[in-house]
**Q** 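Dropping the structure in here first, questions after.
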Amino acid sequence: MIDVKHLIENPDLYVASQRARGADESLVEQIVSADAERRSSITAFEELRAEQKAFGKRVAAAKGDEKQQLLAEVKELSANVKAAEAASDEAKGRLDGLQRRFPNLIEDGVPAGGEDDFSTVKTVGTIRDFSADGFTARDHLEIGELIGAIDMERGAKVSGSRFYFLKGVGARLELALMQMGLDLALKNGFIPMMTPTLVRPETMQGTGFDVEHDDEIYKLERDDLYLVGTSEVALAGYHADEILELGEEPIRYAGWSTCYRREAGSAGKDTRGIIRVHQFNKLEMFIYTSPEKAAEEHARLLDWEEQMLAMVELPYRVIDTAAGDLGMSAARKFDCEAWVPTQETYRELTSTSNCTTFQARRLNIRERVAAEDGSKGGTRMVATLNGTLATTRWLVAILENHQNPDGSVNVPAALQPYLGGLEVLPVL
RNA sequence: GGAGACGUGCCAGAGCGGCCGAAUGGACUUCACUGCUAAUGAAGGGUCCGGCGAAAGUCGGACCGGGGGUUCAAAUCCCCCCGUCUCCGCCA
């Protein structure tokens, strides 16, 4: 949720943000008037309520006929209080509804427009020239089958389309990648977390997902639970309704979990291989920090992602996602996209978002701040950020970019220790 | 799956339907005392929302797991949900 007070003081900022997103600008005006209504209805209710409480004391003190007399008098007042409270609850509800629909205020510098309006921050590495190497690149599935790493057919037999088995070196490669990511995280002060993958609706909503309308989310109707699409959900919910003692250093978690996505709107897209699947594993970074440190922490997250890409020796580019493609919670988002030779394009491997105080406000996660004069201090919303360290999809880029003419795959040096020193994934 | 107990402030733990934002301990902060630590004495605390105020503040409202209800009035009575614990059964 956005900060309504901030919106009221800076409506122009929010209008501009909505415009850049291609979202509804009139929401700004609607929130301003809904808040005015809320305030006046609260004042009306509170005055009546104070009167009722004062009356209550007289009733308690009185007895006999006098008490009966007072009781008769106060009945009408009680009805008025009820009505005023209902009106004020309704006004609060209206504002809350608008607030929930309003996406995060974008950060300065985010390119305006939709999916294709991203700006490229940088391009790293050299795209491999397979014609110079004298052979035609095989796609990741063909390689995966040659080296016994991926079995899509049996995945479909057991679970349906977009399911797969990773076996043999495929299973080992995924684990190796995740472990390497975890080691990088540990080296940088992250606390490793194995998180729940089924969460309650409030947790899902709190993170910014709409369980009612989001077709991407698997729902377990009988139990009113939802399968997470990323451990971000569990890690954001982890500190819900808490007041954190954030020191100088942010709290950094590295969440390891399986992720589930329905891919409802993507029928026919990426149907081959493991590019787009219903279930995959992911190592996710999640940060709680002070609002003023959020942007610099965002840069750090991006840097760690790039370190991972460097370790697996992939050519990639970094894009600054356009406003319209940010989603509800992000104020800014950088994606790292690796080159996929057989698609002759860059595909997303990591994504890091700065959600500023947006998620924290909905989840009610605050920090204790020290007052200027010393140790007292109030509370304020924290900022949250997230970013990807590794996912199953990375196998696609690794297999394709490091393949040999016979279908075997060279293991990047940094990954070899995690595969027991294996230098090549051989054809079976 | 069956039976039961419980959910109060940072923690422990009281709380007849009105005098309860809430006793009492402990922890914590500040002050005093002691050469330091400890001990002792005194004082002080939550969160959110609204009004007024430049601010410190001040006045008012809400919050005793969550949501409904009964009542002039609910931490206290009733219902539903969530969670924790104990016993039995079942499964691994």
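Values below: every heavy atom of this structure, side chains too, minus hydrogens, waters and symmetry copies. Fair warning: this is a prediction, and the values are worked out from it, not measured in the lab. Order of the sequence lines fixes the chain letters, A, B, ..., with proteins taken first and strands second; residue numbering starts at 1 for each chain.
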**Q** Could you tell me if the ring centre of A/Tyr164 sits under 6.0 Å from that of A/His278?
**A**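 They do not qualify: ring centres at least 6.0 Å apart.
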**Q** Report yes or no: do A/Asp24 and A/Gln18 form a side-chain donor-acceptor pair below 3.5 Å?
**A** no
**Q** In residues 407-426 of chain A, what donor-acceptor pairs under 3.5 Å come from side-chain atoms, sequence neighbours left out?
**A**
residue: A/Ser408; atom: OG; partner: A/Asn404; partner atom: ND2; Å: 3.0
residue: A/Ser408; atom: OG; partner: A/Asp406; partner atom: OD1; Å: 2.7
residue: A/Asn410; atom: OD1; partner: A/Asn404; partner atom: ND2; Å: 2.9
residue: A/Asn410; atom: ND2; partner: A/Asn404; partner atom: OD1; Å: 3.1
residue: A/Gln416; atom: NE2; partner: A/Val411; partner atom: O; Å: 2.9
residue: A/Tyr418; atom: OH; partner: A/Asp183; partner atom: OD2; Å: 2.6

**Q** Please give the distance between the C1' atoms of B/A22 and B/A3 as a whole number of Å.
**A** 34 Å
**Q** Given the C1' atoms of B/A73 and B/A5, what is the spacing between them in whole Å?
**A**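 Rounded to whole Å, the distance is 30 Å.
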**Q** For a quick check of understanding: with a heavy-atom distance under 4.0 Å over all strands, which category does A/Lys53 fall into, base, sugar-phosphate or nothing?
**A**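 Sugar-phosphate, backbone atoms only, no base.
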**Q** Between A/Glu76 (CD) and B/A73 (P), how many Å, whole number?
**A**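 My rounded result for the distance is 14 Å.
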**Q** Would you mind telling me which residue lines up with the more 5' stretch of RNA chain B, A/Ser78 or A/Glu51, judged by nearest nucleotide?
**A** A/Glu51
**Q** Between A/Arg49 and A/Glu85, does any NZ, NE, NH1 or NH2 come within less than 4.0 Å of an OD or OE carboxylate oxygen?
**A**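 A/Arg49 and A/Glu85: not salt-bridged.
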**Q** Answer yes if the ring centres of A/Trp394 and A/Phe280 are under 6.0 angstrom apart, and no otherwise.
**A** no
**Q** Out of curiosity, A/Ser231 OG to A/Asn281 CG, how far, rounded to the nearest 0.5 Å?
**A**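 So the OG of A/Ser231 and the CG of A/Asn281 are separated by 10.5 Å.
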**Q** Before you tell me yes or no, could you show the steps for A/Phe165 and A/Phe163 under ring-ring contact (aromatic ring centres under 6.0 Å, His included), namely the whole-Å CA-CA distance, both residues' side-chain angles and the distance that decides it to 0.1 Å?
**A** CA-CA 7 Å; A/Phe165 285 79; A/Phe163 285 96; 9.9 Å; no
**Q** Any chance you could encode RNA chain B as dot-bracket? Rule is Watson-Crick or G-U wobble with both distances under 3.5 Å; [ ] for pairs crossing earlier ones, | for another strand.
**A** ((((((((.[[[..)..(.....]]].(((((.......))))).(((((((....))))))).[[[[[..)....]]]]])))))))....
**Q** Check the distance between B/C48's C1' and A/Ile243's CD1 and give it to me in whole angstrom.
**A** 10 Å
**Q** May I have the distance from A/Asp241 (atom CG) to B/C48 (atom P), rounded to whole angstrom?
**A**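 Atom CG in A/Asp241 sits about 12 Å away from atom P in B/C48.
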**Q** List every contact pair, protein side and nucleotides 17-20 of chain B side both N or O, where the distance is under 3.5 Å.
**A**
residue: B/G18; atom: O6; partner: A/Lys67; partner atom: NZ; Å: 3.4

**Q** Counting just side-chain N and O atoms, does A/Arg49 come under 4.0 Å of either OP1 or OP2 of B/A62?
**A**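 It does, given that an N or O in the side chain of A/Arg49 lies less than 4.0 Å from OP1 or OP2 of B/A62.
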**Q** Do the side chains of A/Arg100 and A/Asp96 get close enough for a salt bridge, i.e. N-O under 4.0 angstrom?
**A** yes
**Q** Please determine whether a side-chain nitrogen of the Lys or Arg among A/Arg19 and A/Glu25 lies less than 4.0 Å from a carboxylate oxygen of the Asp or Glu.
**A** yes
**Q** Quick check on A/Tyr238: does its OH atom have over 12 non-hydrogen neighbours (other residues, nucleotides or ligands) under 6.0 Å away?
**A**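 No, because the 6.0 Å sphere around OH of A/Tyr238 holds 12 heavy atoms or fewer from other groups.
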**Q** Answer yes or no: does a side-chain N or O of A/Arg366 lie under 4.0 Å from OP1 or OP2 of B/C48?
**A** yes
**Q** Name every residue in residues 35-46 of chain A that has at least one heavy atom under 4.0 Å from any atom of RNA chain B, in order of residue number, or write none if there are no such residues.
**A**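 Those residues whose heavy atoms fall under 4.0 Å from RNA chain B, taken from residues 35-46 of chain A in numerical order, are A/Arg38, A/Arg39, A/Ile42, A/Thr43, A/Phe45, A/Glu46.
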**Q** For nucleotides 76-83 of chain B, which of its nitrogen or oxygen atoms have a protein nitrogen or oxygen under 3.5 Å away, and what is each distance?
**A**
residue: B/C82; atom: O3'; partner: A/Arg200; partner atom: NH2; Å: 2.6
residue: B/C82; atom: O2'; partner: A/Arg200; partner atom: NH2; Å: 2.5

**Q** Between the side chains of A/Asp320 and A/Arg332, is the shortest nitrogen-to-carboxylate-oxygen separation below 4.0 Å, so that they form an ion pair?
**A**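 So A/Arg332 pairs with A/Asp320 through a salt bridge.
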**Q** Tell me whether the side-chain N/O atoms of A/Thr379 come closer than 4.0 Å to OP1 or OP2 in B/C48.
**A** yes
**Q** Measure from the side-chain heavy atoms of A/Arg368 and tell me the nearest of B/C72, B/G46, B/A62.
**A**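 Minimum distance to the A/Arg368 side chain belongs to B/G46.
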**Q** NA contact type, A/Gln52, heavy-atom cut-off 4.0 Å: base, sugar-phosphate, or nothing?
**A** sugar-phosphate
**Q** Could A/Glu400 and A/Arg138 be called an ion pair, given the rule that one side-chain N must be under 4.0 Å from one carboxylate O?
**A**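 Salt bridge flag = no for A/Arg138 with A/Glu400.
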**Q** Roughly how many Å apart are B/C63 and B/U76, using the C1' atom of each and rounding to a whole number?
**A** 16 Å
**Q** Tell me the salt bridge (Lys or Arg N to Asp or Glu O under 4.0 Å) pairs involving residues 255-264 of chain A, sequence neighbours left out?
**A**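 Every salt bridge (Lys or Arg N to Asp or Glu O under 4.0 Å) pair that includes a residue of residues 255-264 of chain A, provided the two are not neighbours, is A/Glu263-A/Arg276.
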**Q** Mind telling me whether B/G46 is syn or anti, cutoff 90° either side of 0?
**A** anti
**Q** Are A/Glu46 and A/Lys53 ion-paired here, with the side-chain N under 4.0 Å from a carboxylate O?
**A** no
